[in-house]
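Please read the structure below before turning to the comments.
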Protein chains: 2
Amino acid sequence: MDKISALQVFEALSSSARLDTYLLLVGAGGTGIVAGELASRLDMAPSNLSFHLKNLAHAGLVTVEQEGRFQRYRANLALMRQVTGFLTDHCCGGHPEQCAELAAPATSANASPSCCEP
Amino acid sequence: MDKISALQVFEALSSSARLDTYLLLVGAGGTGIVAGELASRLDMAPSNLSFHLKNLAHAGLVTVEQEGRFQRYRANLALMRQVTGFLTDHCCGGHPEQCAELAAPATSANASPSCCEP
DNA sequence: TCCATGATTCTATGTTAGTGGAAGTGTTGT
DNA sequence: ACAACACTTCCACTAACATAGAATCATGGA
């Protein structure tokens with residue numbers, strides 16, 4: 001994971017349409033969703049959705065698999081974790097071990113204090 | 001953490017100038033960096049940097065503190081963890097406990113398999 | 001082979017974000 | 001009070017992104 005990859009991930013998720021798409025795919029888990037169903041569920045024009053899916057796939061956030069004449073998309077949650085890891089690795093001048101609270105598992109419920117807070 | 005907050009975070013970090021700024025602040029840890037030093041280190045016009053810092057602060061990724069006539073900025077890494085938690089909470093139809101590997105601590109070194117991979 | 005279906009690519013149009021320079025706000029020191 | 005400094009806000013201009021519709025490509029079935 002380098003800065004350019006991280007930037008691509010953030011650029012990909014910076015659009016409401018793409019974040020919605022990604023969240024839907026994350027919710028679907030390993031089953032994934034085919035493009036047509038995504039379009040109807042998101043109420044999006046197929047060409048528009050295709051544009052955004054291509055963007056997400058380019059960033060590595062989703063994967064595609066051909067299924068007959070369908071295209072099945074799946075979210076790649078591991079990449080998000082790598083991005084978070086990339087950020088925390090740079091914490092405190094490259095010594096993230098100084099920030100113990102960052103190693104704790106993260107959920108939206110627990111709002112831990114900032115890393116290296118004085 | 002809701003979808004709008006997550007979107008703001010991604011929008012904020014989707015610019016190379018802002019990601020550079022954020023990484024610099026993350027590296028500085030709790031010490032933070034004043035606006036002028038940020039501008040010289042990033043080789044950015046002060047007005048431009050101010051624009052981006054305001055964006056980052058609006059998303060909650062950085063905090064500001066007045067220090068005489070200086071403005072000291074600090075990164076808020078905890079927010080990134082909340083965003084990751086927000087995404088994983090939606091995994092597999094709202095049952096993230098099905099994805100054990102996601103609970104493991106994340107670094108850029110370990111590239112774990114995707115959540116819910118079949 | 002021909003047609004219907006699923007999805008993508010192409011093309012244009014409107015909207016939004018990024019940038020630097022000038023002017024303004026607040027703070028410190030004389 | 002005045003001047004110097006640190007930073008921000010305002011204002012234009014340029015570049016990039018989002019969207020919809022038409023055309024194109026690929027697959028599966030009659």
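Note on naming: letters A, B, ... go to the chains in the order of the sequence lines (proteins, then strands), and numbering restarts at 1 for each one.
For the pair Leu56(B) CG and dT8(D) P, the interatomic distance rounds to 12 Å; values are reported in whole Å. Atom CG in Asn55(A) sits about 13 Å away from atom C1' in dA16(D), given to the nearest Å. Counting to the nearest Å, the C1' atom of dT19(D) and the CG atom of Asp43(A) are 14 Å from each other. With rounding to whole Å, Gln66(B) atom CD is found 13 Å from dC5(D) atom C1'.
Across its full length, the helix from dT1(C)-dA30(D) to dT30(C)-dA1(D) shows an angle of 30° between the axes of its 5 terminal pairs at either end, rounded to 10 degrees.
Side-chain N or O atoms of Gln66(A) include one that pairs as donor or acceptor with a backbone N or O of Gly68(A) at under 3.5 Å. In this structure a side-chain-to-backbone donor-acceptor pair under 3.5 Å is missing from Asn76(A) to Val62(A). A donor-acceptor pair under 3.5 Å is absent between the side-chain atoms of Ser5(B) and the main chain of Met1(B), judged by distance alone.
Linking Ile, Leu, Val, Met, Phe, Trp and Tyr whenever their side-chain heavy atoms come within less than 4.5 Å leaves Phe51(A) and Leu42(A) in two separate clusters. Val34(A) and Leu25(A) fall into different hydrophobic clusters, defined by Ile, Leu, Val, Met, Phe, Trp and Tyr side-chain heavy atoms under 4.5 Å apart, directly or through other members.
The side chain to side chain donor-acceptor pair (under 3.5 Å) test with Glu65(A) is passed by exactly one of Arg72(A), Arg74(A), Gln71(A): Arg74(A).
Taking the salt bridge (Lys or Arg N to Asp or Glu O under 4.0 Å) definition, one finds that Lys54(B) meets it with nothing, sequence neighbours left out.
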What nitrogen or oxygen pairs link the protein and nucleotides 6-10 of chain C at under 3.5 Å?
| from | atom 1 | to | atom 2 | distance (Å) |
| --- | --- | --- | --- | --- |
| dA7(C) | OP1 | Ala35(A) | N | 3.4 |
| dA7(C) | OP1 | Gly36(A) | N | 3.3 |
| dA7(C) | OP2 | Gly36(A) | N | 2.7 |
| dT8(C) | OP1 | Tyr73(A) | OH | 2.3 |
| dT8(C) | OP2 | Ser50(A) | OG | 3.2 |
| dT8(C) | O5' | Ser50(A) | OG | 3.1 |

Atom pairs under 3.5 Å, N or O on each side, protein against nucleotides 23-25 of chain D: can you list them with distances?
none

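Between Leu61(A) and Tyr22(A) the shortest heavy-atom distance is O-CE1, 3.5 Å. The nearest pair of heavy atoms linking Leu79(B) to Ala59(B) is CD2-O, 3.2 Å.
The side-chain heavy atoms of Tyr73(A) and Ile33(A), taken from C-beta on, include no pair separated by under 4.5 Å. The closest side-chain heavy-atom distance from Leu23(B) to Phe86(A) is below 4.5 Å.
For the atom pair CZ (Arg81(B)) and CG (Leu87(A)), the distance works out to 12.5 Å, reported to the nearest 0.5 Å.
Against DNA chain C, the stretch residues 7-18 of chain A makes no heavy-atom approach under 4.0 Å.
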Show the atom names and distances, to 0.1 Å, of all donor-acceptor pairs under 3.5 Å that link a side chain in residues 6-15 of chain B to residues at least two apart or in another chain.
| from | atom 1 | to | atom 2 | distance (Å) |
| --- | --- | --- | --- | --- |
| Gln8(B) | NE2 | His58(B) | NE2 | 3.2 |
| Ser14(B) | OG | Glu11(B) | O | 2.7 |
| Ser15(B) | OG | Ala17(B) | N | 3.2 |
| Ser15(B) | OG | Arg18(B) | N | 3.3 |

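Residue His52(B) places at least one side-chain N or O closer than 4.0 Å to OP1 or OP2 of dT19(C).
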